[in-house]
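Worksheet for the structure shown next.
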Amino acid sequence: NDKEINLIFIETPPYTHKKFLIESIKHNKNVFCEKPLSGNLKDAKIMLGYMKNKKNFAFVNHQLRFHPNILKMRKLIKEGLIGKINYSTIEHHTNMIDEKNTENWWFNKKSGGGQVLALGSHMIDLLFFLSGEIKKVQSLKGNFLKNKVESFFSMICEFKNGSVGNINCSCISSVDSGLNIIVSGEKGTLKLNNFDKLIFENSKGKSKNISVKDNLKSEKTIGVNPWRTSLVKYLQHIVKNSNDRKKFLGADFSQAFKTQIIMDKIINN
């Protein structure tokens, strides 16, 4: 009811998002919602319907869109540097799970745990962001830990533009390999290695380092990892562009709902 508050951050577990979104919009607040949009497709559909015809600012925290090298990849793809996309691939592998810590939210689906909801939501969103609408998807998942949530998933997809893509994502790697992306087209290929190294290879095999420096890496607390710096850049983007939807690059609820559909297919496969 505080009229001085005009933006609500929903940073609670996914199964609570619907409740807090509806309450926020009823009080005419703008919303920044943690990913995934919801813990299930049913609630996500209700949330999307509730936002129909609403003028409130409402976006989802897919912050990796705002890592400087990913923004550059998207810009170069849109400008036609690699021509028509042939395929896209995303790899993300970590060794971040402590099985003995049973209170860890990662082991609780309601809290957004498991590889598909926790990390897959980001990776699927990046496929949409870089390569376009997904038309068809197939997947496999595996649990190589003692708990009941998946620790690995793999998906392949076909895009509406005719290209294909795939994701491999796990939390059981011996080392943290970071985020690795390849987008290959008829004129060349863009490769991102562990967030920081962006390479362009032309159709003749010549390569060039075109990386963008993350200027927040040296900042205390913020610079701990690229997830944090990307989030801060997302927040800066909101401040600058939230009133101009043509320039705004954040994931809105309709885009997050499409990601939710893909996640639902993987989880229920």
Side-chain angles (χ1 to χ4, degrees), residues 1-3 5-66 105-129 132-139 141 148-150 153 155 157 159-160 167 169 231 234-235 237-238 241-243 245 248-269:
N1 292 317
D2 190 336
K3 292 183 179 179
I5 296 173
N6 60 19
L7 175 61
I8 302 293
F9 283 73
I10 301 175
E11 301 294 339
T12 52
Y15 69 95
T16 67
H17 289 180
K18 180 183 72 173
K19 171 187 174 183
F20 292 130
L21 168 76
I22 292 174
E23 189 173 349
S24 299
I25 299 302
K26 279 183 178 178
H27 288 81
N28 200 34
K29 308 298 185 183
N30 300 300
V31 174
F32 185 81
C33 185
E34 186 52 68
K35 61 80 203 165
L37 184 59
S38 176
N40 61 75
L41 192 59
K42 180 181 177 182
D43 281 356
K45 190 172 184 179
I46 292 171
M47 293 170 72
L48 182 65
Y50 197 84
M51 288 305 303
K52 191 175 182 181
N53 300 322
K54 301 286 186 182
K55 294 183 179 179
N56 302 66
F57 170 99
F59 287 85
V60 177
N61 185 22
H62 286 302
Q63 77 261 42
L64 291 187
R65 291 183 175 208
F66 294 90
W105 66 272
W106 196 281
F107 298 122
N108 188 328
K109 283 280 187 181
K110 276 195 166 186
S111 296
Q115 215 42 34
V116 178
L117 290 176
L119 271 302
S121 51
H122 286 294
M123 305 306 137
I124 295 164
D125 178 73
L126 286 180
L127 280 185
F128 279 117
F129 190 60
E133 296 284 324
I134 295 173
K135 182 172 71 172
K136 188 188 301 182
V137 63
Q138 292 182 324
S139 66
K141 58 185 184 295
K148 294 182 179 180
V149 297
E150 74 283 343
F153 84 92
M155 64 163 270
C157 65
F159 295 92
K160 287 185 177 179
I167 297 173
C169 191
L231 174 58
Y234 192 176
L235 299 177
H237 184 79
I238 289 171
N241 299 297
S242 60
N243 292 323
R245 295 300 171 91
F248 197 80
L249 296 176
D252 62 26
F253 273 40
S254 63
Q255 292 168 332
F257 182 71
K258 291 174 183 176
T259 295
Q260 192 93 36
I261 291 173
I262 303 299
M263 289 191 298
D264 187 74
K265 289 180 179 180
I266 296 170
I267 290 170
N268 294 306
N269 182 20

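Everything numeric here is computed off the predicted structure, so don't read it as measured data.
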ask   = Under 3.5 Å, is there a donor-acceptor pair between the side chain of Asn30 and the main chain of Asn6?
value = yes
note = Note: Met263 and Ile124 closest approach over all heavy atoms is CG-CD1, 3.7 Å
inquiry  = Set out, in order, the CA-CA distance, both residues' side-chain angles and the distance that settles side chain to side chain contact (heavy atoms under 4.5 Å, CB included) for Asp264 and Asn40, then state yes or no.
reply    = CA-CA 7 Å; Asp264 187 74; Asn40 61 75; 5.9 Å; no
Test item: Lys141 side-chain N/O and Asn269 main-chain N/O as donor-acceptor pair under 3.5 Å = yes
key: Residue pair Lys35 / Ala118: nearest heavy atoms and the distance that separates them   = NZ-O, 2.9 Å
key: Which atom of Gln260 lies closest to which atom of Ser38, heavy atoms considered   = NE2-O, 2.7 Å
inquiry  = For the backbone of Gln115 and the side chain of Glu150, can you confirm whether one donor and one acceptor N or O come within less than 3.5 Å of each other?
reply    = yes
inquiry  = Working note: Phe153 + Ile167, criterion side chain to side chain contact (heavy atoms under 4.5 Å, CB included); need CA distance, chi angles, decisive distance, verdict.
reply    = CA-CA 8 Å; Phe153 84 92; Ile167 297 173; 3.9 Å; yes
message = Just checking Gln138: does its CD atom have more than 12 heavy atoms from other residues, nucleotides or ligands closer to it than 6.0 angstrom?
response = no
inquiry  = How long is the straight-line distance from CD1 of Ile46 back to CD1 of Ile22, given to the nearest 0.5 Å?
reply    = 7.0 Å
ask   = When the ring centroid of Phe59 is compared with that of Phe248, is the distance short of 6.0 Å?
value = yes
ask   = Is a donor on one side and an acceptor on the other found under 3.5 Å between the side chain of His17 and the backbone of Asp43?
value = no
message = If I take atom CZ from residue Phe32 and atom CZ from residue Phe9, how far apart are they, to the nearest 0.5 angstrom?
response = 6.0 Å
task = First locate atom CG of Asn56, then atom NE2 of His27, and finally report the distance between them rounded to the nearest 0.5 Å.
result = 12.5 Å
ask   = Side chains of Leu64 and Asp125: closer than 4.5 Å at any heavy-atom pair?
value = no
request  = List the steps, then state whether side chain to side chain contact (heavy atoms under 4.5 Å, CB included) holds for Val31 with Ile25.
outcome  = CA-CA 8 Å; Val31 174; Ile25 299 302; 4.0 Å; yes
key: Straight-line distance of Lys258 NZ to Phe128 CZ, nearest 0.5 Å   = 6.5 Å
query = After noting the C-alpha distance and the side-chain angles of Ile10 and Leu21, does the key distance pass the side chain to side chain contact (heavy atoms under 4.5 Å, CB included) rule?
reply = CA-CA 8 Å; Ile10 301 175; Leu21 168 76; 4.2 Å; yes
request  = Check whether any side-chain heavy atom of Leu127 sits under 4.5 Å from a side-chain heavy atom of Cys157, and report yes or no.
outcome  = yes
key: Spatial distance of atom CD (Glu11) from atom CD (Glu34) [nearest 0.5 Å]   = 4.5 Å
task = Please report the shortest heavy-atom distance between Met51 and Phe253, naming the atom on each side.
result = CG-CD2, 3.7 Å
key: Spacing of OG belonging to Ser24 relative to NZ belonging to Lys19, to within rounding of 0.5 Å   = 11.0 Å
key: Where Arg65 and Leu249 come nearest, the two heavy atoms and their spacing   = NH1-O, 2.9 Å
query = Do other residues, nucleotides or ligands put more than 12 heavy atoms under 6.0 Å from Lys29 NZ?
reply = yes
remark   = For Met155 and Ile262 the tightest heavy-atom approach is SD-CG2, 4.0 Å
message = Within a 6.0 Å radius of atom CG on Asn268, are there more than 12 heavy atoms belonging to other residues, nucleotides or ligands?
response = yes
